[in-house]
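Reviewing the structure listed below.
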Amino acid sequence: MSDDVDFDVIVIGAGVAGSVCAHQLAKAGHEVVLIERGSEPGSKNLSGGVFYCRVLDEVFPDFVSSAPVERRITRNVLSFLNGDSHVNIDYWDERLAEPANAVTVLRARLDPWLAEQCEQAGAMVMPGVRVDGLLRDGERVVGVRAGEDELRAHVVVAADGVNSFLARDAGVRPKEPQRHLAVGVKSVIALPRPVIEDRFRVTGDEGVAYAVVGDCTQGVAGGGFLYTNRESVSVGVVLRLDDLGARGLSSSDVHDHFLAHPAIAPLIRGGELLEYGCHLTIEDGPAMAARDLTRPGLVLIGDAAGLTLNTGLTIRGMDLAAGSALAAARTVAAALSTGDCSGEALGAYRTELERSFVGADLRTYGRAPKFLENPRMYGDYGRLLADVFHGIYTHDLRPRRHLVGAALGAVKASGVGLGQLARDGWAAARAL
Ligand SMILES: Cc1cc2nc3c(=O)[nH]c(=O)nc-3n(C[C@H](O)[C@H](O)[C@H](O)COP(=O)(O)OP(=O)(O)OC[C@H]3O[C@@H](n4cnc5c(N)ncnc54)[C@H](O)[C@@H]3O)c2cc1C
């Protein structure tokens with residue numbers, strides 16, 4: 001390794017991935033700089049906000065009690081939404097509260113806290129600096145360029161998010177096909193704490209997460225979400241880019257349609273808009289993460305590496321960002337200790353990742369993106385479910401039928417067909 005370096009490691013991007021990686025390496029005694037283009041960490045970031053936070057127990061022992069988290073999610077609602085009806089599966093479980101399984105977060109509060117932990121561990125945090133390119137010595141990445149400045153390090157960790165131009169610059173990610181990406185549009189709406197507790201039937205610091213499919217996206221592949229924070233709700237839609245374009249709809253109009261829906265509008269009535277934003281997200285994480293995620297002197301983590309999982313039931317990116325950051329930190333620390341930061345040494349990151357829950361979950365849910373391409377998910381099945389319940393609860397003086405008869409009648413009327421239903425059911429069982 002060259003002695004002509006400013007730091008052992010340069011980490012680019014103070015999101016979840018970059019901060020967790022910088023923290024781990026600084027805590028292990030390495031000289032680390034964490035560079036963030038935003039005027040402060042979190043100022044440029046947007047996430048739906050449910051963080052499956054167990055992974056952070058490895059990093060910050062009292063994460064949930066010391067970090068600025070919003071609510072512990074103990075109620076999960078899966079909602080099939082139609083224009084004039086909805087069917088909800090509503091799952092509440094006290095066991096999800098302790099130890100906290102998932103918490104809601106607002107990145108404008110969480111990311112500065114994470115960066116603060118990095119500083120306390122000994123990392124230098126540099127906000128307001130945009131990295132413009134990689135410095136190379138032949139094949140090897142030896143540092144970064146930011147405006148007129150050049151910084152050199154043994155290893156560069158790219159944690160610069162879904163648009164990672166560093167990944168493209170290094171030739172790891174080509175221009176993604178639109179079906180690999182989705183656009184998220186989100187509002188944060190202030191509501192008084194007692195209103196949230198009454199409306200969403202939660203108490204104390206417990207919260208609810210809605211995953212919505214169907215009319216929320218006006219038929220576009222994707223879904224809606226609504227998560228409770230302490231004194232606000234995060235609500236929005238995630239829309240697959242190719243389908244959105246094919247249907248000629250605008251993402252902000254779809255977002256407004258969702259918020260005005262008769263099933264959603266009463267939940268946010270009287271609220272005050274605090275934030276509104278949109279951000280790209282990854283739709284086919286398993287395909288993107290299958291690529292080689294290292295080059296000599298360079299490692300990709302988090303969204304920069306394509307590590308997001310959308311199963312329709314859950315959107316996960318922050319926990320995978322943290323998991324990949326831990327795997328990268330282990331690899332980089334081992335490389336620094338042997339003085340070998342070659343492509344081969346850093347290639348051990350792939351094995352670390354495969355061994356971790358990140359690799360395991362990407363394998364388990366590898367079929368989910370394909371399954372979510374099924375257009376029947378975004379219309380037919382919501383209506384079919386409502387029709388089954390309509391058959392059960394409507395008493396119009398005609399002779400009643402047993403549940404199976406009512407369900408078969410609804411399937412027949414839907415035009416989906418029993419064979420198709422069985423095939424889709426099997427595909428769902430294998431994908432989810
Ligand atoms: C609408 C929406 C809803 C979502 N909902 C959820 C959810 O509920 N749960 C979940 O777990 N995940 C969710 N995700 C995904 C999640 O937000 C991401 O997977 C996660 O933020 C990835 O973290 P990261 O650290 O890799 O990247 P990011 O959080 O994007 O951080 C990248 C950082 O790099 C900085 N940066 C970029 N370029 C440069 C540069 N050139 N120089 C310096 N700094 C740079 C950025 O400013 C940013 O701070 C959602 C995403 C969207 C869009």
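Every number for a ligand or one of its atoms is a count from 1 in the order of the listing.
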| Contact partition for Arg107 relative to ligand 1, non-hydrogen atoms under 4.0 Å | side chain

| If you measure every N/O of Val50 against every N/O of ligand 1, is any gap under 3.5 Å? | yes

| said: Heavy atoms only, cut-off 4.0 Å: how does Val129 contact ligand 1, side chain, backbone, both, or neither? | reply: backbone

| said: Checking a contact table here: which protein heavy atom is nearest atom 40 (C) of ligand 1, and how many Å away? | reply: Val131 N, 3.8 Å

| message | Counting only heavy atoms closer than 4.0 Å, does ligand 1 sit against the backbone of Asn45, its side chain, both, or neither? | response | side chain

| remark: Under 4.0 Å from one or more heavy atoms of Phe165, ligand 1 contributes atoms 41 (N)

| task | Report yes if some N/O of Leu307 lies less than 3.5 Å from some N/O of ligand 1; otherwise report no. | result | no

| query | How does Phe51 reach ligand 1, if at all, at less than 4.0 Å between non-hydrogen atoms: by side chain, backbone, both, or neither? | reply | neither

| note | shortest atom 49 (O) of ligand 1-to-protein heavy-atom contact is with Glu36 OE1, 2.6 Å

| said: One residue to check: Leu166. Relative to ligand 1, which of side chain, backbone, both or neither has a non-hydrogen atom less than 4.0 Å away? | reply: neither

| Between Lys44 and ligand 1, does any nitrogen or oxygen pair lie at a separation below 3.5 Å? | no

| note | Counting from 1 in the order shown, the ligand 1 atoms closer than 4.0 Å to a non-hydrogen atom of Gly161 are 27 (O), 30 (O), 32 (C)

| field | Pairwise distance CZ(Arg316) to CG(Asn310) - rounded to 0.5 angstrom | value | 11.0 Å

| task | Measure the distance from atom 1 (C) of ligand 1 to every protein heavy atom, then report the residue, atom name and distance (to 0.1 Å) of the closest one. | result | Gly184 CA, 3.6 Å

| query | Heavy atom under 4.0 Å from ligand 1: found in Arg37's side chain, backbone, both, or neither? | reply | both

| task | Consider every N or O of Met318 and every N or O of ligand 1, then say whether any pair is closer than 3.5 Å. | result | yes

| field | Closest protein heavy atom to atom 19 (O) of ligand 1, given as residue, atom name and distance to 0.1 Å | value | Asp303 OD1, 2.7 Å

| Do any nitrogen or oxygen atoms of Val16 lie less than 3.5 angstrom from nitrogen or oxygen atoms of ligand 1? | yes

| said: Test of understanding: given a 4.0 Å heavy-atom threshold, classify the contact between Ala146 and ligand 1 as side chain, backbone, both, or neither. | reply: neither

| message | List ligand 1 atoms under 4.0 Å from Ala159, heavy atoms only on the residue side. | response | 32 (C), 33 (C), 34 (O)

| message | Distance alone, cut at 3.5 Å: any donor-acceptor contact between the side chains of Ser164 and Asp160? | response | yes

| Should you measure from each heavy atom of Leu46, which atoms of ligand 1 turn up under 4.0 Å away? | 1 (C), 17 (O)

| task | For ligand 1, find out whether one of its N or O atoms is nearer than 3.5 Å to an N or O atom of Ala321. | result | no

| request: Would you mind running through ligand 1 and noting each atom that sits below 4.0 Å from a heavy atom of Arg130? | output: 42 (N)

| query | Does a donor on one side chain and an acceptor on the other come within less than 3.5 Å for Ser234 and Asn229? | reply | yes

| task | Measure the CZ-CZ distance between Arg152 and Arg145 for me, rounded to the nearest 0.5 Å. | result | 11.5 Å

| request: Check whether the ring centres of Trp426 and Phe371 lie less than 6.0 Å apart, and answer yes or no. | output: no

| Subset of ligand 1 atoms that lie under 4.0 Å from at least one heavy atom of Leu280 | 53 (C)

| task | Would you check the N or O atoms of His279, main chain and side chain alike, for any that come under 3.5 Å of an N or O of ligand 1? | result | no

| said: Starting from atom 52 (C) of ligand 1, what is the nearest protein heavy atom, named by residue and atom, and what distance separates them? | reply: Thr281 CB, 3.9 Å

| said: Between ligand 1 and Tyr227, can you find any atom pair, the residue atom being a heavy atom, that is separated by under 4.0 Å? | reply: yes

| Distance-only N or O hit between ligand 1 and Ala17, under 3.5 Å | yes

| field | Beyond-backbone contact of Met124 with Leu34, side-chain heavy atoms, under 4.5 angstrom | value | no

| said: Between the side chains of Asp361 and Arg363, is the shortest nitrogen-to-carboxylate-oxygen separation below 4.0 Å, so that they form an ion pair? | reply: no

| task | Please find out if less than 6.0 Å separates the ring center of Phe7 from that of His30. | result | no

| said: Could you check whether Arg247 pairs with Asp243 (Lys NZ or Arg NE/NH1/NH2 to Asp/Glu carboxylate O, under 4.0 Å)? | reply: yes

| query | Which of the numbered atoms in ligand 1 are below 4.0 angstrom from a heavy atom of Gly48? | reply | 2 (C), 3 (C), 4 (C), 5 (N), 6 (C), 8 (O), 50 (C)

| said: Show the atoms of ligand 1 that are less than 4.0 angstrom away from any heavy atom in Gly317. | reply: 10 (C), 11 (O), 12 (N), 19 (O)

| For atom 14 (N) of ligand 1, what is the nearest protein heavy atom, given as residue, atom name and distance? | Ser47 OG, 3.5 Å

| Close aromatic pair by centroid cut-off 6.0 Å: His255 and Tyr276 | yes

| request: Please report which non-hydrogen protein atom sits nearest to atom 38 (N) of ligand 1, along with the residue it belongs to and the distance in Å to one decimal place. | output: Asp160 CB, 3.5 Å

| field | Any Arg316 heavy atom less than 4.0 Å from ligand 1 | value | yes

| message | Side chain, backbone, both or neither: which applies to Thr308 and ligand 1 if a contact is any heavy-atom pair less than 4.0 Å apart? | response | side chain

| With a 3.5 Å cut-off and no angle check, do the side chains of Asp215 and Asn82 form a donor-acceptor pair? | no

